[in-house]
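Source: prediction; values computed, not measured. Atoms within each ligand, like the ligands themselves, are counted from 1 in listed order.
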Amino acid sequence: MRNADAGHVGQHLSAKQLGWFDASVPSNIALMKTTMLHVPFVDLRAQYATLREEVNTAVLTVLETSQFIGGAVVEKFEQEFADFVGARYCAGVANGTDAITLAARASGLGPGDEVLVPANTFFATAEAISNCGARPVFVDVDPITFHMDVASAAKAVTDRTKAMLPVHLYGRAMDMRPFEALAEQHGLWILEDCAQAHGASIGGKTVGSSGRLTCYSFYPGKNLGAYGDGGAVTTSNPELIQRLRMLRDHGSAAKYDHSIVGWNSRLDALQAAVLSVKLRYLQSWNEARRKHAKRVASALRNSPILPPELPGHNQHVFHLFVIRCSQRDKLKCFLADKGIQTGIHYPVPLHLTGAYQTLGAPGKGAMPIAESLASEILSLPMYAELSDEEIDYIIVALMEFVDAFAPSTPSKF
Ligand SMILES: Cc1ncc(COP(=O)(O)O)c(C=O)c1O
């Protein structure tokens with residue numbers, strides 16, 4: 001329990017709401033006496049508390065050896081992460097945005113090329129493509145997964161299209177088969193943005209195991225997060241990884257031998273040391289996220305607040321737990337008043353951002369699904385360290401909201 005202030009939340013619940021509870025949720029939850037909690041959106045201090053000794057030792061070891069850039073600690077993490085995702089190689093880089101830019105450059109993308117990018121993702125997905133000189137072309141998203149829609153992608157292909165950049169958004173692994181078929185048909189590269197999907201899998205295959213260039217972010221709040229910025233690209237292609245390693249290090253394969261113009265974009269040893277420790281826990285953290293997600297989704301099963309789909313053939317890692325509500329902004333304020341922090345991922349579809357409007361992206365109405373989701377989606381707190389008490393507190397708050405404001409069910413599109 002993180003904060004205090006007594007109050008009976010359960011007493012105000014209607015019978016209708018009580019009827020929503022799935023059998024997996026304790027029947028006494030709505031009747032329990034509960035105090036006001038503070039539930040942060042992410043709680044990195046709670047995670048650090050579980051790792052303090054191991055992380056401190058790993059960091060101190062780097063300080064003692066003082067090999068800060070490159071070296072054994074970075075190489076060890078790169079191999080561990082490649083093994084974890086099921087790829088042959090991994091190159092650590094400075095952040096997830098650079099991971100995409102460098103992967104695009106290693107694939108030969110540049111000025112004049114178009115790359116298909118979903119309209120619903122973090123800005124960096126498109127920004128990384130712009131930074132390598134190519135042009136992101138936005139594509140509407142699927143109404144169930146909120147991922148890039150393959151039919152919309154097919155319609156967006158032109159003579160200049162060279163690649164697609166699907167994003168395994170929120171931690172749900174995409175079914176890549178229709179995208180592979182489209183890529184085959186038009187001779188396109190596929191780069192994958194896995195910044196939110198460390199360890200996610202579909203049909204028994206972990207994202208990143210395709211052998212293609214796949215890009216990760218280790219931003220602190222990610223499922224596998226560093227204690228600063230960090231990123232990586234994995235692949236099983238020896239030529240691509242060699243090119244990528246040169247690009248991240250001033251275009252050089254050996255000191256002062258600069259055969260191409262590159263970047264300075266390296267994962268440093270302090271971050272690699274932290275990541276090696278955390279990687280050992282990633283599977284169990286992802287498992288805990290799935291358990292929490294199932295509990296909240298089950299409780300919302302018959303409510304007008306729509307939970308994310310829990311796909312059976314897919315090990316979702318719930319980097320984000322995104323619900324839909326017709327009165328999203330009101331719900332956000334309501335939860336904030338109860339001490340529950342939430343986020344919106346993402347409030348503006350990328351084609352409508354100021355940056356891409358200036359660069360000639362299509363206007364309002366061009367991506368109807370992404371645009372309507374942007375006003376309805378809300379991300380609830382989701383991390384391994386959430387307690388059952390906090391999860392029940394969130395569920396009760398959602399039920400109270402429905403009782404007080406009777407939101408309509410968002411359309412299924
Ligand atoms: C989907 C997606 N792509 C790319 C990035 C960029 O990663 P970074 O912040 O490490 O540059 C992020 C990070 O938030 C992301 O969520």
Side-chain angles (χ1 to χ4, degrees), residues 41-42 44 77 81 90-105 115-132 134 136 138-139 141-142 145-148 163-174 176 190-200 207-208 212-234 244 247-248 263-268 270-272 274-275 278 289 308 316-322 343-350 353 355-356 370 373-374 377 379 382-383:
F41 187 63
V42 209
L44 296 180
F77 170 70
F81 194 63
C90 167
V93 297
N95 54 66
T97 312
D98 283 4
I100 300 169
T101 302
L102 298 182
R105 288 296 294 128
V115 179
L116 306 181
V117 171
N120 179 40
T121 176
F122 180 50
F123 186 74
T125 309
E127 184 184 37
I129 294 302
S130 299
N131 285 341
C132 88
F138 297 106
V139 168
V141 296
D142 177 271
T145 60
F146 310 172
H147 291 158
M148 187 194 275
M164 289 186 267
L165 179 47
V167 183
H168 300 271
L169 199 68
Y170 304 150
R172 177 177 174 146
M174 292 177 71
M176 293 302 295
I190 300 180
L191 304 173
E192 293 175 60
D193 182 341
C194 303
Q196 301 189 358
H198 316 74
V207 297
R212 292 185 282 266
L213 288 166
T214 58
C215 306
Y216 296 85
S217 162
F218 302 127
Y219 182 79
K222 297 293 195 242
N223 290 34
L224 180 63
Y227 286 170
D229 275 313
V233 180
T234 62
L244 204 128
L247 286 168
R248 74 175 173 182
W263 276 260
N264 173 3
S265 181
R266 298 167 300 215
L267 180 69
D268 69 66
L270 284 169
Q271 302 306 337
V274 170
L275 289 165
K278 287 191 169 194
R289 285 173 183 260
H316 200 316
V317 294
F318 288 101
H319 173 59
L320 295 169
F321 184 89
V322 179
I344 301 174
H345 301 88
Y346 292 90
V348 182
L350 293 188
T353 57
Y356 285 108
L373 287 175
I377 50 183
S379 310
M382 181 52 62
Y383 39 94

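For Tyr170 and His345, the ring centers are positioned 6.0 Å apart or more.
If you number the atoms of ligand 1 from 1 as listed, the ones under 4.0 Å from a heavy atom of Thr97 come out as 6 (C), 7 (O), 8 (P), 11 (O). Atoms of ligand 1 lying under 4.0 Å from any heavy atom of Val167, numbered from 1 in the order shown and given with element: 1 (C). The ligand atoms of ligand 1 that sit less than 4.0 angstrom from a heavy atom of Ala124 are 4 (C), 5 (C), 6 (C). Shown in contact with Thr121 at under 4.0 Å from a heavy atom are these atoms of ligand 1, numbered in order with element: 1 (C). Close approach to Asp193 involves these atoms of ligand 1, each under 4.0 Å from a residue heavy atom: 1 (C), 2 (C), 3 (N), 4 (C). Set against the non-hydrogen atoms of Gln196, the atoms of ligand 1 under 4.0 Å away are 1 (C), 16 (O).
Remark: the backbone N or O of Glu192 is not paired with any side-chain donor or acceptor of Thr214 at under 3.5 angstrom. Panel note: side chain Arg248, backbone Val93; no donor-acceptor pair is recorded below 3.5 Å. His319 places no side-chain N or O within donor-acceptor distance of the main-chain N or O of Lys222, the cut-off being under 3.5 Å.
Using a 4.0 Å heavy-atom cutoff, Lys222 is listed among the residues neighbouring ligand 1.
Residue Asp98 does not touch ligand 1, judged by heavy-atom distances below 4.0 Å.
Among protein heavy atoms, the minimum distance from atom 12 (C) of ligand 1 is reached at Phe122 CD2, 3.6 Å. Nearest protein heavy-atom neighbour of atom 15 (C) of ligand 1: Ala195 CB, 3.5 Å.
Aromatic ring orientation, Phe138 versus Tyr356: perpendicular (interplanar angle above 60°, classes split at 30° and 60°).
Side-chain N/O atoms of Thr125 and Asp193 include a donor and acceptor closer than 3.5 Å.
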Take Phe218 and Phe77, measure what ring pair (Phe, Tyr, Trp, His ring centres under 6.0 Å) needs, and give me the verdict at the end.
-> CA-CA 12 Å; Phe218 302 127; Phe77 170 70; 5.5 Å; yes

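By the 3.5 Å distance cut-off applied to N or O atoms, Ser217 is counted among the residues near ligand 1.
Contact record, Ala103 with Val233: CB-CG1, 4.5 Å, taken as the closest heavy-atom pair.
Of the candidates Ala94, Gly96, Ala99, Pro118, the one placing a heavy atom closest to atom 8 (P) of ligand 1 is Gly96.
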